[in-house]
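For reference, the structure discussed in these notes is given below.
Count residues from 1 along the sequence.
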Amino acid sequence: MEYLEIRNKVEELNRQIGELERQKRHVTNINEEIKLTNKLAKLYLQKECVLNSARQ
């Protein structure tokens with residue numbers, strides 16, 4: 001991956017993570033909170049994979 005591709009992908013993942021974090025703060029239903037937590041974990045893993053691939 002090129003530098004700009006990696007940067008754009010990380011920025012997009014950060015945007016999605018921020019959006020889910022904001023949603024999670026306002027959730028009162030525990031099932032919704034669990035769903036959002038799982039989505040966040042998936043996004044964090046994707047971000048880590050992109051960053052790791054950039055280091056190689």
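The salt bridge (Lys or Arg N to Asp or Glu O under 4.0 Å) contacts involving residues 28-37 comprise E32-K35, where partners must be two or more places apart or lie in separate chains.
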Scan the side chains in residues 15-24 for donor-acceptor partners under 3.5 Å anywhere in the protein, sequence neighbours excluded, and list what turns up.
{"from": "R15", "atom 1": "NE", "to": "E12", "atom 2": "OE1", "distance (Å)": "3.4"}
{"from": "R15", "atom 1": "NH1", "to": "E19", "atom 2": "OE1", "distance (Å)": "3.1"}
{"from": "R15", "atom 1": "NH2", "to": "E12", "atom 2": "OE2", "distance (Å)": "2.7"}
{"from": "Q16", "atom 1": "NE2", "to": "E12", "atom 2": "OE2", "distance (Å)": "2.8"}
{"from": "E21", "atom 1": "OE2", "to": "Y44", "atom 2": "OH", "distance (Å)": "3.2"}
{"from": "R22", "atom 1": "NH1", "to": "G18", "atom 2": "O", "distance (Å)": "3.4"}
{"from": "K24", "atom 1": "NZ", "to": "T37", "atom 2": "OG1", "distance (Å)": "3.1"}

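Going from atom CG of L13 over to atom CG of L51 covers 8.5 Å, rounded to the nearest 0.5 Å.
For N14, the side chain to side chain donor-acceptor pair (under 3.5 Å) partners at least two apart in sequence or on another chain are K47. In this view, N52 and R55 satisfy the side chain to side chain donor-acceptor pair (under 3.5 Å) rule, not counting sequence neighbours.
Applying the 4.5 Å side-chain rule to ILVMFWY residues, one finds I34 in the same cluster as I30.
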